[in-house]
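Below is one structure, written out as structure tokens; the observations come after it.
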Number of protein chains: 2
Amino acid sequence: MADATAHDRSAPLDPDMFHPLCPSSAMPFRVGDKWSGMVIRCLQGGPRRFGELRVPLKAVTPKVPSETLRAMERDGLVTRTAYDENPPRVEYALTPLGRTLIPLLDAARAWSETHLPALLAARRAAGQPA
Amino acid sequence: MADATAHDRSAPLDPDMFHPLCPSSAMPFRVGDKWSGMVIRCLQGGPRRFGELRVPLKAVTPKVPSETLRAMERDGLVTRTAYDENPPRVEYALTPLGRTLIPLLDAARAWSETHLPALLAARRAAGQPA
DNA sequence: AGCGCCGATTCCGTTGCGGTAACCGGGGGT
DNA sequence: ACCCCCGGTTACCGCAACGGAATCGGCGCT
């Protein structure tokens with residue numbers, strides 16, 4: 001194993017999970033703010049640095065994760081740990097409370113995998129009779 | 001079991017479910033539009049007339065259910081049946097696809113019942129240290 | 001000295017969602 | 001004739017969320 005402390009940064013953030021074609025954008029669920037769900041997914045495998053969270057979010061400005069993370073911290077869903085080291089390092093991790101949301105996300109994803117195509121088909125049929 | 005084909009209009013819409021203190025407003029989940037979840041709950045027990053849906057929504061104008069219902073109809077979540085009778089009557093019912101969302105709503109509610117107090121406590125502690 | 005990295009924060013513009021108000025149209029009752 | 005009920009629809013307004021650009025500050029490297 002590469003790292004004993006906890007998580008594997010070498011298999012960190014499944015890129016496929018975040019690419020633009022991910023049906024997340026279409027699925028009729030929302031957990032907290034727009035990006036909260038994705039943050040939870042990112043942190044699911046262990047603590048992450050701020051910059052790491054931006055990897056899948058490379059399209060967005062740092063404001064997005066920063067804002068989301070602080071809101072989640074207020075709600076007791078993540079912890080923020082700033083290390084006063086030379087290259088500033090900050091790590092975020094899910095709290096137990098935050099982890100309780102994972103099953104919900106799983107359920108939402110499962111629903112989407114099963115039923116989202118039907119929903120989209122219905123929408124297309126009704127919205128674009130052409 | 002009471003009846004699957006029909007529904008009981010005498011125990012129609014649990015008022016407690018919709019009163020302003022319901023934590024729905026605070027819970028960090030969203031299914032579709034703001035009112036979609038509530039519509040599903042309303043239709044869970046069987047078809048409802050437009051006016052019936054407004055009972056728990058008595059605070060809102062007809063636009064809200066109308067809009068929500070049409071969006072859900074487009075997505076294949078509900079069916080709309082207009083009876084060309086004397087007093088105009090329209091009934092809405094969940095489709096099988098729409099019913100697949102019920103477990104999600106149940107899961108969201110279960111989460112809220114279990115964990116929402118902790119989240120609110122954390123928010124209060126962090127947001128209002130005073 | 002200047003550049004760049006890390007980790008943010010703040011401001012600002014836009015967009016979309018949510019909500020209120022007003023209007024429509026037919027039938028029946030008084 | 002008038003009003004009311006049922007079942008909507010449309011137009012308009014306001015706010016909060018979303019997203020982007022610009023800025024900040026310490027430190028190391030060149």
Side-chain angles (χ1 to χ4, degrees), chain A residues 9 12 18 20 24-39 42-43 47-75 78-93 123 127, chain B residues 9 12 18 20 22 24-39 42-43 47-75 78-93 123 126-127:
Chain A
R9 294 192 188 273
F18 305 107
S24 305
S25 32
M27 74 166 109
F29 307 107
R30 177 70 76 79
V31 176
D33 289 331
K34 186 176 183 185
W35 300 96
S36 301
M38 196 149 78
V39 167
C42 290
L43 296 178
R48 296 282 173 196
R49 304 184 50 168
F50 184 82
E52 281 183 295
L53 293 175
R54 292 199 56 204
V55 172
L57 309 175
K58 54 186 179 302
V60 301
T61 63
K63 190 202 100 170
V64 171
S66 175
E67 220 171 50
T68 305
L69 285 164
R70 284 214 285 153
M72 294 177 74
E73 194 191 358
R74 276 198 303 273
D75 286 351
V78 301
T79 55
R80 181 184 184 276
T81 309
Y83 298 89
D84 200 6
E85 302 171 352
N86 177 340
R89 186 164 62 95
V90 183
E91 281 196 339
Y92 295 89
R123 184 179 297 178
Chain B
R9 293 193 187 276
F18 305 107
C22 177
S24 306
S25 33
M27 74 166 110
F29 306 107
R30 178 69 76 82
V31 175
D33 289 332
K34 184 176 183 185
W35 299 97
S36 301
M38 196 148 77
V39 167
C42 289
L43 295 178
R48 299 282 172 195
R49 305 183 49 167
F50 185 82
E52 284 184 294
L53 292 175
R54 293 199 54 203
V55 171
L57 309 176
K58 55 187 177 305
V60 302
T61 63
K63 191 202 107 171
V64 171
S66 176
E67 216 171 54
T68 305
L69 285 164
R70 284 213 284 154
M72 293 177 74
E73 195 192 357
R74 275 199 304 271
D75 286 351
V78 300
T79 56
R80 180 184 183 277
T81 308
Y83 298 89
D84 198 7
E85 301 170 353
N86 177 339
R89 186 163 62 96
V90 183
E91 280 196 339
Y92 295 90
R123 183 179 298 177

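Excluded from the calculations below are hydrogen atoms, water molecules and symmetry mates; all remaining heavy atoms, backbone and side chain alike, are included. Below, read A as the first sequence line, B as the second, and so on, with proteins coming before strands; counting in each chain starts at 1.
- Note on B:Y92: every side-chain N or O is 4.0 Å or more away from OP1 and OP2 of D:dG7.
- For C:dC6, neither phosphate oxygen OP1 nor OP2 lies less than 4.0 angstrom from any side-chain nitrogen or oxygen of A:R49.
- Residue A:R89 places no side-chain N or O under 4.0 Å from the OP1 or OP2 atom of C:dG7.
- Two residues, B:P87 and A:P62, neighbour DNA chain D, and the one matched to the more 5' nucleotide by heavy-atom proximity is B:P87.
- Contact annotation: A:K63 side-chain N/O to D:dA22 OP1/OP2 distance is not under 4.0 Å.
- Contact annotation: B:R70 does not reach the phosphate of D:dG8 (side-chain N/O to OP1 or OP2, under 4.0 Å).
- Distance, B:K34 NZ to C:dC17 C1': 9 Å, rounded to whole Å.
- Minimum atom distance to the side chain of A:R80 is reached by C:dG7, of the listed C:dG7, D:dG8, D:dG20.
- Regarding contacts with the backbone of C:dG18, a side-chain N or O of B:R30 is found under 4.0 angstrom from either OP1 or OP2.
- The shortest distance between the side-chain N/O atoms of B:W35 and the OP1/OP2 oxygens of C:dC17 is not below 4.0 Å.
- Protein atom CG of B:L69 is 12 Å distant from nucleotide atom C1' of D:dG7, rounded to whole Å.
- By the 4.5 Å heavy-atom criterion applied to side chains, A:L53 and A:T68 are not counted as neighbours.
- Residue B:L43 comes nearest to B:Y92 through the heavy atom pair CD2-O, 3.3 Å, listed as atom of the first residue, atom of the second, then distance.
- Note on A:S66: a side-chain N or O is less than 4.0 Å away from OP1 or OP2 of C:dT9.
- Closest contact between the side chain of A:P88 and the listed nucleotides C:dG7, C:dG18, D:dG7 involves C:dG7.
- We find that CD of B:E67 is positioned 16 Å from C1' of D:dG7, with the value rounded to whole Å.
- Annotation for A:F50 and A:P62: closest pair CZ-O, 3.7 Å, computed over non-hydrogen atoms.
- Rounding to the nearest 0.5 angstrom, the gap separating the CZ atom in A:R70 from the CZ atom in A:R80 is 8.5 Å.
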> What's the verdict on side chain to side chain contact (heavy atoms under 4.5 Å, CB included) for B:S36 and B:M72, showing C-alpha distance, side-chain angles and the deciding distance?
Replying inline: CA-CA 8 Å; B:S36 301; B:M72 293 177 74; 4.1 Å; yes
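- With rounding to whole Å, A:E85 atom CD is found 10 Å from C:dG7 atom P.
- In this structure, B:Y83 does not reach the D:dC6 phosphate: none of its side-chain N or O atoms is under 4.0 Å from OP1 or OP2.
- Going from atom CD of B:E91 over to atom C1' of D:dG7 covers 13 Å, rounded to whole Å.
- Atoms CG (A:L53) and P (C:dC6) sit 14 Å apart, rounded to a whole Å.
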